[in-house]
Amino acid sequence: MNKLTSYTIKEIHKAYHEKILTPTNFVDLCLQKAKQTSELNAFVNLTSDEAENHGIESEKRFYIDKKTKPLDGISIGIKDNFCTSNIPTTCASEMLKNFVPTYDATVYARLRAAGACLIGKCNLDEFAMGAGTVDSIFGPTRNPWGYNRDNWKIAGGSSGGSAVAVSSGACVAAIGSDTGGSTRNPAALCGVIGLKPTYGLVSRYGLIPLVNSMDVPGILSRSVEDTVKVLNCVAGPDIFDSTTIKKEFKLVSLKEDFDLSKVRIGIPSEYHCEGMSHEVVDAWKFVTDLLENKKAMMSQVSLPHTSVSIAVYSILNQCEVASNMARYDGLEYGLRTKEDHSTEELYASSRSLGFNNVVRSRIFAGNYFLLTRNYEKYFVKAMKLRRLIYNDFKDVFNGENGVDLLLTPTTLSDAPSYESFVSKHNRDQCAFQDYCTQPANMAGIPAVSIPIRLSKNGLPLSLQLMGPSLSEELLLNVARKIEQLVNFPYLDCFKV
Ligand code: GLN
């Protein structure tokens, strides 16, 4: 069992064929694992009945029908901002605490159609606003690395529950959402792979929106190979989401003999920023040298607008949040207080009780930026800068001396302790934590976080690869090469 939780999907399927393990067995072990590690608070809701039923269906396909699906008997976790029919979907907020959707998000529907077994819904920062998974009505999620009851590190966020579900061994893969880094950030801090696909490659239908122009479902897993398997099941056009890329999705394939010598990788100098720990810089240098030794063409490049990106992200985020959150009015969905003096007072009291401080302050700031007198000064200006940030990427990928991919850190340090993280305001934390991740969302390009090695505190340090739109195949082939070169010591799932 110890080894089983570190098996890849391929190895699990082999074990099913050889009957060393069966889907119902494995699902049961995953549920046990989730219960044993409940202190980590990865799940807001364990879906034991669904998991068991899904396991039984997979078992039948394996041994009776002998016609299996690509993710049969594979345990998954879904961030609790993706709608799941007849299963509560809370966004970790009072506002949606009792919300039970009547339909499935496309990502979940596709995973189910591929045979995956749902272990549970994963914890997050309220409405995915955060970088720690510390602001949830269900309490914070704890990082399994170096965990002890009195002293533990944050999981990163906002998909911290999904990252911990995978790194602690309860799930083989999990779905997060990524608006400014929320899949890559917790993946980096919890030592797993975190993929943010190209905007529009994976449907947002049923993902409760944060920032529609940047949101993408993300994938967390313990190997690049598994990430590819999951991506191949969920990507592609969806009639329910008009922003999905209409082109037919070409399955990503990993090549055993992938040759790094033809790949040009840029190191953007602007990502060396203030506050980056020297251990992160060393890990970055270490992988640059490794790739150079393998004959990849490494070069310094420049993305001149990087330093303004975080401010632009923050303005646009808050503007879209202000408009998205308007749907929660106490009438149609979610929390409704007993206030009965007037409709306005009902709105106000429902929204003030339903949202935490972070959500309320983003709505407030967003509405301020969108006031007629401020609109040009903030929103329009931020949109113009977003275009320049996008053009920086375009130039670096397509210009003279262009590169194929970019290599940067994912986070500026290893996982901070809970106390140090919550001592700063959410806004300041995001400004620091999202420095390297949000530019990819602003440009809509794919990015993947790969764990590299452990810091002196024994915590994961990770790097990020970014590529042009729809370059997932190259991105993931290079990510796998890095994964093989660094041989990261995934968590021994039974030591928690
Ligand atoms: N930390 C960022 C924010 O709070 C990222 C959120 C996300 O990607 N969901 O906006």
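All figures in this text were calculated on a predicted structure; none of them were measured in a lab. Just so you know, ligand 1 is whichever comes first in the structure, and atom 1 is the first atom listed for that ligand.
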Part of Asn426 within contact of ligand 1 (heavy atoms, under 4.0 Å)
neither
Picking from Ser449, Ser223, Ser462, Pro451, what satisfies side chain to side chain contact (heavy atoms under 4.5 Å, CB included) with Ile193?
Pro451
Is Lys79 close to ligand 1, meaning an N/O of one under 3.5 Å from an N/O of the other?
no
Report yes if some N/O of Ala128 lies less than 3.5 Å from some N/O of ligand 1; otherwise report no.
yes
Tell me, do Phe127 and Val358 make a side-chain contact under 4.5 Å, heavy atoms counted?
no
Distance filter under 4.0 Å to Gly181 heavy atoms, resulting ligand 1 atoms
8 (O)
For Gly130, the ligand 1 atoms with a heavy-atom partner under 4.0 Å come out as 1 (N), 2 (C), 3 (C), 4 (O), 5 (C), 6 (C)
If the cut-off is 4.0 Å to any non-hydrogen atom of Asp434, which atoms of ligand 1 fall inside it?
1 (N), 2 (C), 3 (C), 5 (C)
Residue Ser158 vicinity, atoms of ligand 1 by number, heavy atom under 4.0 Å:
9 (N)
Can you measure from CD1 (Ile76) to OG (Ser162) and round to the nearest 0.5 angstrom?
10.5 Å
For Tyr313, the ligand 1 atoms whose distance to one of its heavy atoms is below 4.0 Å
2 (C), 3 (C), 5 (C), 6 (C), 10 (O)
Contacts of type salt bridge (charged side-chain N to carboxylate O under 4.0 Å, His left out), residue Arg480, not counting sequence neighbours:
Glu225, Glu256
Once rounded to the nearest 0.5 Å, what's the spacing between atom CG of Asn41 and atom OG of Ser136?
6.5 Å
State the atoms of ligand 1, each with its element, that fall below the 4.0 Å cut-off from a heavy-atom position in Gly180.
5 (C), 7 (C), 8 (O)
Using the salt bridge (charged side-chain N to carboxylate O under 4.0 Å, His left out) criterion, which residues pair with Asp404? Sequence neighbours excluded.
Arg264
The test is side-chain hydrogen bond (donor to acceptor under 3.5 Å, both in side chains); show your working for Asp215 and Thr179 and say whether it passes.
CA-CA 4 Å; Asp215 294 342; Thr179 306; 2.7 Å; yes
For ligand 1, which part of Leu210 has a heavy atom less than 4.0 Å away: the side chain, the backbone, both, or neither?
side chain
For Cys430, is at least one N or O under 3.5 Å away from an N or O on ligand 1?
no
Does atom CG of Asn86 have more than 12 heavy-atom neighbours, drawn from other residues, nucleotides or ligands, at distances under 6.0 Å?
no
Using a 3.5 Å cut-off on N or O atoms only, is Asn317 in polar contact with ligand 1?
yes
Can you tell me if Arg362 contacts ligand 1 (heavy atom of the residue under 4.0 Å from the ligand)?
yes
Tell me which part of Ser182 gets within contact of ligand 1: side chain, backbone, both or neither, using heavy atoms under 4.0 Å.
both
Heavy atoms only: give me the nearest Gly77-Cys171 pair and the separation to one decimal.
N-SG, 3.4 Å
Enumerated ligand 1 atoms positioned under 4.0 Å from heavy atoms of Met129
4 (O)
Apply side-chain hydrogen bond (donor to acceptor under 3.5 Å, both in side chains) to residues Thr227 and Ser221 and explain how you reach the verdict.
CA-CA 6 Å; Thr227 300; Ser221 81; 2.8 Å; yes
Which segment of Thr179 sits under 4.0 Å of ligand 1 when only heavy atoms are counted
both
Relative to ligand 1, is Lys196 under 4.0 angstrom through side chain, backbone, both or neither, heavy atoms considered?
neither
Can you find a heavy atom in the side chain of Lys424 that is under 4.5 Å from one in the side chain of Pro416?
no
